[in-house]
Asks: 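Let me give you the structure first, and then I'll get to my questions.
In what follows, every chain begins at residue 1, and chains take the letters A, B, ... in the order their sequences are listed.
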There are 2 protein chains.
Amino acid sequence: MSSVAPPASDGAAVPGGGALSQAPAFSPLYQQIKGLILHSLQHGEWKPGEAIPSEIDLAARFRVSQGTVRKAIDELAAENLLVRRQGKGTFVATHAEQQVQYRFLRLQPDRGDVHEEGPAQRTILECRRQRASAEVARALALRTGDGVVYVRRVLAFAEVPTILEEIWLPGHAFKGLTAEQMASYQGPTYAMFELDFGVRMVRAEEKLRAVLPDAAQAEGLGVSPATPLLSVERLAYTYNDVPMELRRGLYRTDTHYYRNELN
Amino acid sequence: MSSVAPPASDGAAVPGGGALSQAPAFSPLYQQIKGLILHSLQHGEWKPGEAIPSEIDLAARFRVSQGTVRKAIDELAAENLLVRRQGKGTFVATHAEQQVQYRFLRLQPDRGDVHEEGPAQRTILECRRQRASAEVARALALRTGDGVVYVRRVLAFAEVPTILEEIWLPGHAFKGLTAEQMASYQGPTYAMFELDFGVRMVRAEEKLRAVLPDAAQAEGLGVSPATPLLSVERLAYTYNDVPMELRRGLYRTDTHYYRNELN
DNA sequence: GAGTGGTCTAGACCACGCG
DNA sequence: GCGTGGTCTAGACCACTCA
């Protein structure tokens, strides 16, 4: 069923260059294999946390050598879509059961480390459906007025309220999301999104600014309105660069800092 | 001269497992090759911007197959130490002549893009030798009281002062650095460090916080002391994770934002 | 057309996890 | 001991750059 030609049986491998090819965009075989694996991931052929077929099986299925599927998997693993475990297999990455609890949260405590601090305590302040504003619609690639789920919550570490955030989710993908669900799930929110809605966040972009909170925001975090806060606007994407979540967070940075690595 | 055994001529490749090996730390051949190439980079056998020998030459030199040096180079390229250019060769990465002017600066203008904005205008406020405080010494792996070069400067974009930063450099590696030099060099400061001092910054860690400036800082940026600013503390490393620069910057975030990508 | 990196294959063997 | 991913090799051919 795959569209990859079996080069060996043809006697000559002509990757991406058929007789009718007009656009000279050369695409190596392993990229095509990568695309096929990605397609299977998107369509749920293998679920988060499950093992995908072995390299040998995939090589047979796509009629290519093991080395070629290897290179495809290497790239998907580098993008954190797959996880290789020697001796066991290759697994679909998941936000649950991941050693690092919050993969996208860069906030670190000034003293002690993130493990002593333990998981965040969540308080849901609000959770309701609303219509997308022009701004939210643009970010999520919706039309103004489309249904979105809006959540407002506070995250506390060691009983200290540290993050106040607003979340917007496309209504069509998150039908029936309740405050209960947001509050009661043990573990990362993104793990719950995978389990209950089949939406897997793959990467995100953040824009950071220093701001002063308004009165309501200051109260939500229990700080004075003169306390500068780190504003973090996050756009999270699923497969194929489809935006699936907009978040606006205010982080306290008197007890924590935002850590970044530059390469 | 290399310490890599020629497996082919021995009839059996036993990577990392000699007769005397006691610590079972298995290290694949390509990792050893990577180490050898890294060593040559550190010791200036090939300078930033220059081409290194071809894969075939390196394979002959280290007595391994081309595929093995390929994998070593792949990793070094992924770490931004080398740059591959098909048809031309593999080059030592450099902060000069790099398409992205400032590789470590994540600040983006709110309107327009970074290219229209052009290069930063630098104003050196101070540049002198001093003794390392306990804090600076700890960051740079020096002893308290060791000589360091201290620089204070303002960066402006489109004539608007945007970044106020302090820089500490180990005195032993930056002997003779002058304010003139800091001001007059065209291009990234890190490119000047490579050319004039042979110090190449390879990666960095940043800690971000929202802060309010003191009176002097506010004046330096031409903002009110009530303007929240993004505090960015950066530790930059050369090869082998040796810290070579501490920077403390205050970024205006009313006209710019700090961009980050999460994977 | 020569030289460089990039792709693809086929096969051998090694390290790891688990029953 | 088997199956998985990981390493290493040798050789063929392709795409790109430049003289």
Side-chain angles (χ1 to χ4, degrees), chain A residues 4-18 21 23-35 37 46 50-60 62-78 82-92, chain B residues 4-18 21 23-35 37 46 50-60 62-78 82-92:
Chain A
V4 173
S9 53
D10 284 351
V14 185
S21 74
F26 164 71
S27 164
L29 235 197
Y30 75 86
Q31 286 287 2
Q32 302 177 39
I33 303 300
K34 186 181 166 188
I37 296 175
W46 315 299
E50 288 181 9
I52 70 172
S54 75
E55 295 179 354
I56 293 176
D57 289 351
L58 288 172
F62 297 133
R63 313 288 215 84
V64 298
S65 79
Q66 186 183 352
T68 299
V69 331
R70 218 182 145 61
K71 182 138 190 184
I73 291 177
D74 276 346
E75 292 209 351
L76 291 167
L82 294 176
V83 176
R84 319 190 75 139
R85 288 187 213 146
Q86 182 171 159
K88 301 184 70 176
T90 301
F91 298 77
V92 182
Chain B
V4 172
S9 55
D10 283 350
V14 186
S21 73
F26 163 70
S27 163
L29 233 197
Y30 76 87
Q31 285 288 1
Q32 302 176 39
I33 303 300
K34 186 181 166 186
I37 296 175
W46 315 298
E50 287 180 8
I52 71 172
S54 75
E55 296 179 351
I56 292 175
D57 289 352
L58 288 172
F62 297 133
R63 313 287 215 87
V64 299
S65 78
Q66 186 183 352
T68 299
V69 331
R70 215 179 147 64
K71 180 139 191 183
I73 292 178
D74 276 346
E75 291 209 352
L76 291 167
L82 294 176
V83 176
R84 319 191 74 140
R85 288 186 212 148
Q86 183 172 161
K88 301 183 70 172
T90 301
F91 298 78
V92 182

Asks: Write down the distance between CG (B:D57) and P (C:dG5), rounded to a whole number of angstrom.
Replies: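 Going from B:D57 (CG) to C:dG5 (P), I get 9 Å.
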Asks: Side chain of A:P28, heavy atoms from C-beta onward: which of D:dG5, D:dC8, C:dT7 has the nearest atom to it?
Replies: C:dT7
Asks: What's the closest nucleotide to the side chain of A:F26 if the choices are D:dA15, D:dG5, D:dT9?
Replies: D:dA15
Asks: Output a table of nitrogen or oxygen pairs between the protein and nucleotides 17-19 of chain C separated by less than 3.5 Å.
Replies:
unit_1: C:dC18; atom_1: OP1; unit_2: A:K88; atom_2: NZ; d: 3.2

Asks: What pairs of donor and acceptor atoms, side-chain ones from residues 82-90 of chain B against any protein atom, are under 3.5 angstrom apart with sequence neighbours left out?
Replies:
unit_1: B:R84; atom_1: NH1; unit_2: B:D74; atom_2: OD1; d: 2.5
unit_1: B:R84; atom_1: NH2; unit_2: B:E55; atom_2: OE2; d: 2.0

Asks: B:Q66 or A:G67: which one's nearest nucleotide on DNA chain C is closer to the 5' end?
Replies: B:Q66
Asks: Listed by chain and number, what are the side chain to side chain contact (heavy atoms under 4.5 Å, CB included) partners of A:K71, not counting sequence neighbours?
Replies: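 A:K71: side chain to side chain contact (heavy atoms under 4.5 Å, CB included) contacts with A:Y30.
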Asks: What's the closest nucleotide to the side chain of A:L29 if the choices are C:dG6, D:dG5, C:dT9?
Replies: C:dT9
Asks: In this structure, how many angstroms lie between the C1' atom of D:dT9 and the OH atom of B:Y30, rounded?
Replies: 16 Å
Asks: Measure NZ/B:K71 against C1'/D:dG5 and give the value in whole Å, please.
Replies: 10 Å
Asks: Which nucleotide in the set D:dG6, C:dG5, C:dA10 lies at the smallest distance from any side-chain heavy atom of A:S65?
Replies: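 Nearest to the side-chain atoms of A:S65, counting from C-beta on, is C:dA10.
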Asks: So what does B:R85 touch, heavy atoms closer than 4.0 Å: a base, only the sugar-phosphate, or nothing?
Replies: sugar-phosphate
